[in-house]
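Chain letters run A, B, ... following the sequence lines, proteins first and then strands; every chain starts at 1.
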Amino acid sequence: MKKSLIALACASAFAGSANAQSLTTYGIVDMGFVSENGGAVGSQEKISSGAQSGTRLGFKGTEDLGNNMKALFVLETGIAADKGGFNQNNGFARQSFVGLQSDAGTLTLGRQYTPFFLALNAVADPFASGLAGNAQNLIPSSGIRMDNAVKYASPTFSGLSAEVAYGFGESLAGADRGGRNVGGSIGYTDGTLNVRLAYHKANDTALGTSNLSDTSTILAANYKFEIAKVFAAYSDNDLQVATINPVTPAKGKSRDFLVGVSVPFGNHTFIASYINKDGRSASNLDATQFGLGYTYALSKRTNLYAAWATIDNKRGGVLYKVGNNSEVGSGDRAVNLGVRHTF
Amino acid sequence: MKKSLIALACASAFAGSANAQSLTTYGIVDMGFVSENGGAVGSQEKISSGAQSGTRLGFKGTEDLGNNMKALFVLETGIAADKGGFNQNNGFARQSFVGLQSDAGTLTLGRQYTPFFLALNAVADPFASGLAGNAQNLIPSSGIRMDNAVKYASPTFSGLSAEVAYGFGESLAGADRGGRNVGGSIGYTDGTLNVRLAYHKANDTALGTSNLSDTSTILAANYKFEIAKVFAAYSDNDLQVATINPVTPAKGKSRDFLVGVSVPFGNHTFIASYINKDGRSASNLDATQFGLGYTYALSKRTNLYAAWATIDNKRGGVLYKVGNNSEVGSGDRAVNLGVRHTF
Amino acid sequence: MKKSLIALACASAFAGSANAQSLTTYGIVDMGFVSENGGAVGSQEKISSGAQSGTRLGFKGTEDLGNNMKALFVLETGIAADKGGFNQNNGFARQSFVGLQSDAGTLTLGRQYTPFFLALNAVADPFASGLAGNAQNLIPSSGIRMDNAVKYASPTFSGLSAEVAYGFGESLAGADRGGRNVGGSIGYTDGTLNVRLAYHKANDTALGTSNLSDTSTILAANYKFEIAKVFAAYSDNDLQVATINPVTPAKGKSRDFLVGVSVPFGNHTFIASYINKDGRSASNLDATQFGLGYTYALSKRTNLYAAWATIDNKRGGVLYKVGNNSEVGSGDRAVNLGVRHTF
């Protein structure tokens with residue numbers, strides 16, 4: 001255990017050091033009971049990791065470089081706490097980047113979230129990409145994370161900020177364009193209103209021959225009233241590859257619309273959202289999702305959760321699914337009951 | 001390095017925080033020389049990780065939630081320190097769970113040890129599942145760890161405690177029953193006497209068609225005399241699948257009996273055990289194991305070890321093996337010499 | 001986050017503990033832009049992890065055992081921060097070992113660097129095995145790391161020190177000799193002059209039938225003048241297997257010669273090296289490499305870097321490559337631009 005080192009560190013640290021540097025070990029362990037129904041195999045009961053927030057372990061830090069400049073890094077791995085092993089198919093595949101921050105903005109290099117996903121997650125979705133009613137079930141972000149990415153995030157001027165990201169393809173087939181990711185967003189917040197417009201384009205890795213790509217645009221907003229926060233988003237999508245994004249399997253064009261609300265009440269929070277997907281391709285894959293959630297805070301860091309969601313696939317079958325596609329038995333209706341601890 | 005952060009943390013931490021929360025980084029690095037003989041390839045010399053205790057790195061924590069309630073979590077990975085890579089075939093596959101603890105007991109969700117293994121490891125085996133004389137070589141626990149598990153551990157009343165665990169199968173073949181694990185134990189300890197009865201049943205993942213399962217029961221006890229701790233255990237096993245448990249490859253019924261002793265003497269500890277496996281199937285796979293061990297404590301956290309064990313496979317061949325089956329050359333006799341450091 | 005624990009730890013740590021023990025979490029995150037040219041696929045632009053120093057996360061510690069004896073361990077994983085995942089094909093495959101240190105030297109067991117690589121990295125190469133001009137591009141170390149290794153490092157007497165390492169083969173094919181690694185080095189340093197002679201031999205894992213091995217010897221030195229540090233090395237290599245070392249693919253005998261220099265100037269450091277490979281096999285794979293580098297220290301822990309290198313493959317083609325062979329597009333000319341942060 002680290003207690004003895006900490007003693008030494010405490011003793012010496014006050015003596016001062018050249019550049020203040022921080023290292024924080026952090027994470028989330030989220031486990032719950034999940035019941036999914038309506039899929040090909042009927043009802044399935046399981047224990048899942050990360051129903052509300054992906055179980056993770058991370059190491060991050062900053063260093064003050066003087067002149068209002070900072071170095072910063074994040075190394076964060078997803079963990080399948082129900083079975084052991086890593087999520088995102090590998091270790092440290094949630095986020096891993098290093099960068100520099102100054103008055104002129106933040107420049108980071110590595111594997112990072114797309115601006116589109118951040119808008120969907122942080123502005124549009126009252127479920128914050130978690131629980132059965134997760135907006136990702138229907139709104140096909142053309143990419144959650146970008147490999148080989150350079151991202152620039154502006155500082156905030158009068159509530160306005162923007163970010164742009166470019167991910168090198170590193171794919172021989174299409175020379176530089178195959179596998180390439182490009183995205184950006186612009187946002188405004190005054191603490192009460194939060195608005196963001198984001199775009200993402202992910203080229204097929206075989207772009208040189210296929211000439212296909214996935215593009216997504218989203219305009220999202222939320223507004224904090226006295227007793228509730230309301231959410232709305234509109235997203236225009238054209239998925240020609242679709243497998244770029246493992247969450248949503250269906251190719252095609254669509255226009256997706258979300259409305260949602262979260263209502264805090266003491267330690268209780270009630271969440272609801274409704275999503276309408278208007279398919280615009282010949283296959284016309286219309287669908288709607290309705291989700292309800294409830295969290296109870298046992299502390300600032302630990303909460304219980306309960307959620308329910310249902311998807312109505314207008315063309316029949318279970319094309320769009322509720323919940324975790326990486327496990328057996330996914331269907332179009334799901335219940336979640338669990339506990340989430342952050343450290 | 002984290003020293004600067006610790007300085008900041010120390011400075012700010014005394015200011016007090018809402019809920020006391022701990023995070024501990026811990027682990028074991030155990031490396032030793034292993035010589036195994038009697039197998040098909042003759043004598044093999046190697047350097048192995050975890051001959052006494054599996055090399056591991058873990059992160060665990062608790063948070064005081066008030067009202068005598070606590071949140072707790074463990075994320076623990078096995079490391080093959082001799083070659084690099086993870087044990088248990090993946091990262092964080094030793095243990096990963098989150099839970100809540102109160103006066104009414106502890107409820108945890110995730111990948112966890114089976115009650116059967118804990119009884120074998122903590123009560124029955126003077127070698128604590130390590131070194132050449134490891135009881136797992138002969139006593140076929142029908143499962144060391146359970147995926148997708150919910151476990152309830154009672155509080156201790158007058159030395160009595162119990163735990164029950166259920167692991168969801170999440171296997172399509174047998175709907176809900178395929179791959180399912182069920183286990184439990186009841187124990188008593190007064191500090192001198194330690195008794196535990198444990199049961200485990202692991203269903204074949206193809207249960208819907210195969211209708212097979214592995215079941216194990218163990219009654220284990222140890223007693224702390226002035227100069228020695230003595231161990232005894234009786235285990236009844238019916239392994240129809242056997243591959244559920246990678247350590248013991250042989251299917252069949254058996255009744256296994258163990259006697260053992262550990263003798264501490266200053267920094268020295270001498271350990272011995274004898275196991276008799278009485279095969280009860282047609283193939284009648286009788287075997288006995290005799291193991292000797294010695295550890296020398298260089299400190300509370302670091303020790304040297306030496307061990308020797310031999311298995312007598314009554315029907316000839318080397319069906320039951322001493323030591324680490326995951327490496328080449330395992331035989332029916334083994335010597336261990338190494339060092340174990342815990343942090 | 002760990003702040004609350006640290007508070008508790010700080011409070012209790014000053015009370016003293018039996019044996020002083022340290023645990024340090026450390027690492028490097030290094031990301032840069034890499035442009036490689038001259039390969040079969042023409043110019044390739046990418047974002048790479050570890051162009052200067054492999055991105056890594058490590059846990060290490062020591063414990064004072066009294067009598068001038070210490071226990072020590074290292075568990076260090078490489079991270080592909082550009083895409084997520086581990087380097088060296090697995091987690092904790094950079095270094096993982098445990099050992100004891102006393103006045104008589106240090107004995108360590110586990111996966112460790114070869115003495116040959118340490119001489120190449122720490123004494124011969126002004127680029128310290130990083131950046132485009134990395135000496136490993138041409139000087140074929142017959143092994144960077146050794147599995148299943150026992151290493152003894154002597155204490156330093158009047159500037160003289162030595163180390164020997166033996167890695168068990170654990171390969172059935174050649175009984176004990178297949179896959180075996182043997183290496184050693186002897187060095188002298190007075191703070192100004194640093195000289196080291198190192199040798200390594202790595203047997204083919206199929207040694208019983210193939211009778212092949214890779215052997216390398218290097219004599220390396222550097223000298224710290226007032227304004228510059230100069231480097232020189234001579235290496236004699238006979239690679240019969242070559243695939244033992246993934247960095248340099250070409251079999252054959254060669255005699256390699258390096259001269260280099262590094263010039264610190266305030267926060268700036270200029271680096272240059274020239275390597276001549278004199279092929280001694282029938283295929284006569286002569287090549288030369290010239291590399292230039294520049295680093296700018298933003299702090300003791302964070303620097304920017306720029307580098308350029310070119311290889312002239314005398315027989316045509318791009319047999320020897322500049323930079324990271326594990327990614328697509330490697331060629332015989334490369335540019336690096338990036339940032340490295342250590343914690």
For B/H200, which of B/V182, B/N181, B/D214 qualifies under side chain to side chain contact (heavy atoms under 4.5 Å, CB included)? B/N181
Against chain A, work out which of B/A93, B/G91, B/G66, B/G61 has the most heavy-atom pairs shorter than 4.5 Å and name it. B/G91
At a 4.5 Å cut-off on heavy atoms, which part of B/L100 comes close to chain A: side chain, backbone, both, or neither? side chain
Can you tell me which portion of B/L65 sits under 4.5 Å from chain A's heavy atoms? Options are side chain, backbone, both or neither. both
Heavy-atom proximity to chain B below 4.5 Å, by part of A/L298: both
For A/A307, is there any backbone N or O sitting under 3.5 Å from a side-chain donor or acceptor partner on A/N336? no
With a cut-off of under 6.0 Å to the ring centre and 45° to the axis, is B/K151 in cation-pi contact with B/F97? no
Would you say the ring centers of A/Y26 and B/F59 fall short of 6.0 Å from each other? no
